[in-house]
Amino acid sequence: MILEQIDKDLLAMAKESDSVLKDIYENIDDICLYNSNRILSAFIENQVSYSDFADINGYGNYDEGRDKIERIFASVLGCEDALVRPQIMSGTNALYLTLSALLKHGDTMISISGDPYDSLQEMIGLYGNSSQSLKAYGVKYEQIDLINDDFDDVTILERLKENNVRLVEIQRSRGYSHRLSLSIAKIERIIKKIREVNKDVIIMVDNCYGELVEKREPGHVGADVVVGSLMKNLGGGIATTGGYIAGKKEWIRDVAERLTAPGIGKSLGANFNLNSSFLKGIFMAPNAVKSALKTVVFASYMLEKLGYKNVSPAYDEKRTDIIQTLELGSKENLVNFTQGIQSTSPIDSFVRVLPAPMPGYPFDEVMAAGSFTQGSTIELSADAPMVEPYTSYIQGGLTFEYGKLSILLALTNMKKEE
Ligand SMILES: *Cc1c(COP(=O)(O)O)cnc(C)c1O
């Protein structure tokens, strides 16, 4: 049994943490209630019915369930419309689909949150020589870096006064970088300012890992297009594939026509009997996000108490995504911690994970991902490049209890080897 294997001092610390973290947990509960209200209301408004789970195959004509899923996502994300499909196989795919629909030859896009997420770099054409990159299609890319983990308002506004930028990209989450995530309040501030100087530019937010962490989403504060993955927050640990794009009607129409064909747009597309899991996924999502948040707050607290530096965010810091970075200081710690997470996973617990080269990554990676859905990161997962300062990126946790057990065993593993 796992509980018996956990170090007694760590168990005592965990017990203590309950009272220290009480207010933080309560705030997370409060956000969960708020977002649950929005989601349940959307189900009722859209009259979701048992018949919406029917499997429509072939061209997928008249799939009312599919249409309701998209209306619910739109309403939860504060947008006019949405495209939520199993044909969009991941967040990266959703982002590429969106950018390639909205950007034409000669257009310029600007990332205003510094380096875009790893998987966007090759699609933009920052490296590699794919004939399908945005660059190969004649799209120009510019970047404005963050200053102290916040937008560089002056440079951004100066650049956007010129009306020759088609699309602005904002990445809400830190992704695999050492910066802080961008809160909705910061995103709201910059969108307001951009709108004062430029009415036309499309403002797109990469919302991966951010959904339902706060009470508002980028769509509530003026983002035109918002993109994410169903292997993360909004899949709720139930959806087994998929991605979404939500936003203004005209942009969703364009993106849908890019996915299917002009003239078809959102009207067709079989959902492979996934309507029920997409609906159940978003229904469960506030709770999954709540559990994931409590798990990382707990991990952050424990590491800090154990004397580790650079645990980010700190346990009492405001969060806008579910990612936690833990600087573990040595190769051994990183491997032992990751093995601890893997060995308490429900799936593949017996696998001993080791650092190995990964396609597309510059360093060897060590990863724990014992998830029901392959690669799902709303389920507890940890991964790390084998490079100083040996930082583990952890996220997910479908229930806080499972999350807590895993973190405690991982810490025990690290302690044993000291
Ligand atoms: C995960 C992630 C993506 C890509 O999503 P996948 O489903 O892994 O393809 C894009 N951007 C950010 C910020 C992410 O965290």
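The structure displayed is predicted, hence computed values, not measured ones. Start at 1 and go down the list; that is how both ligands and their atoms are numbered. Computed over heavy atoms, backbone and side chain alike; hydrogens, waters and symmetry mates excluded.
- Side-chain N or O atoms of Asp52 include one that pairs as donor or acceptor with a backbone N or O of Ser49 at under 3.5 Å.
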Could you pull out the N/O contacts under 3.5 angstrom between ligand 1 and the surrounding protein atoms?
unit_1	atom_1	unit_2	atom_2	d
ligand 1	5 (O)	Lys232	NZ	3.4
ligand 1	7 (O)	Gly91	N	2.8
ligand 1	7 (O)	Ser229	OG	3.0
ligand 1	9 (O)	Ser90	OG	3.4
ligand 1	9 (O)	Gly91	N	3.4
ligand 1	9 (O)	Thr92	N	2.9
ligand 1	9 (O)	Thr92	OG1	2.6
ligand 1	11 (N)	Asp206	OD1	3.4
ligand 1	11 (N)	Asp206	OD2	2.6
ligand 1	15 (O)	Lys232	NZ	3.0

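- Qualifying side chain to side chain donor-acceptor pair (under 3.5 Å) partners for Asp348, counting only residues two or more places apart in sequence or in other chains: none.
- In terms of modelled atom types and a separation under 3.5 Å, the side chain of Ser133 and the main chain of Asn129 share no donor-acceptor contact.
- Each salt bridge (Lys or Arg N to Asp or Glu O under 4.0 Å) pair with one or both residues in residues 146-164, not counting sequence neighbours, appears once here: Glu142-Arg159, Asp150-Arg189, Asp153-Arg189, Asp153-Lys193, Glu158-Lys161, Arg159-Glu162.
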Using a 3.5 Å cut-off and no angle test, enumerate the donor-acceptor pairs between side-chain atoms of residues 218-233 and protein atoms at least two apart in sequence or in another chain.
unit_1	atom_1	unit_2	atom_2	d
His220	ND1	Glu217	N	2.9
Asp224	OD1	Lys248	NZ	2.6
Asp224	OD2	Arg195	NH2	2.6
Asp224	OD2	Ile203	N	2.8
Ser229	OG	Met231	N	3.0
Asn233	ND2	Tyr209	O	3.0
Asn233	ND2	Glu211	O	2.9

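- Under a 3.5 Å cut-off, the side chain of Glu365 and the backbone N or O of Pro355 do not form any donor-acceptor pair.
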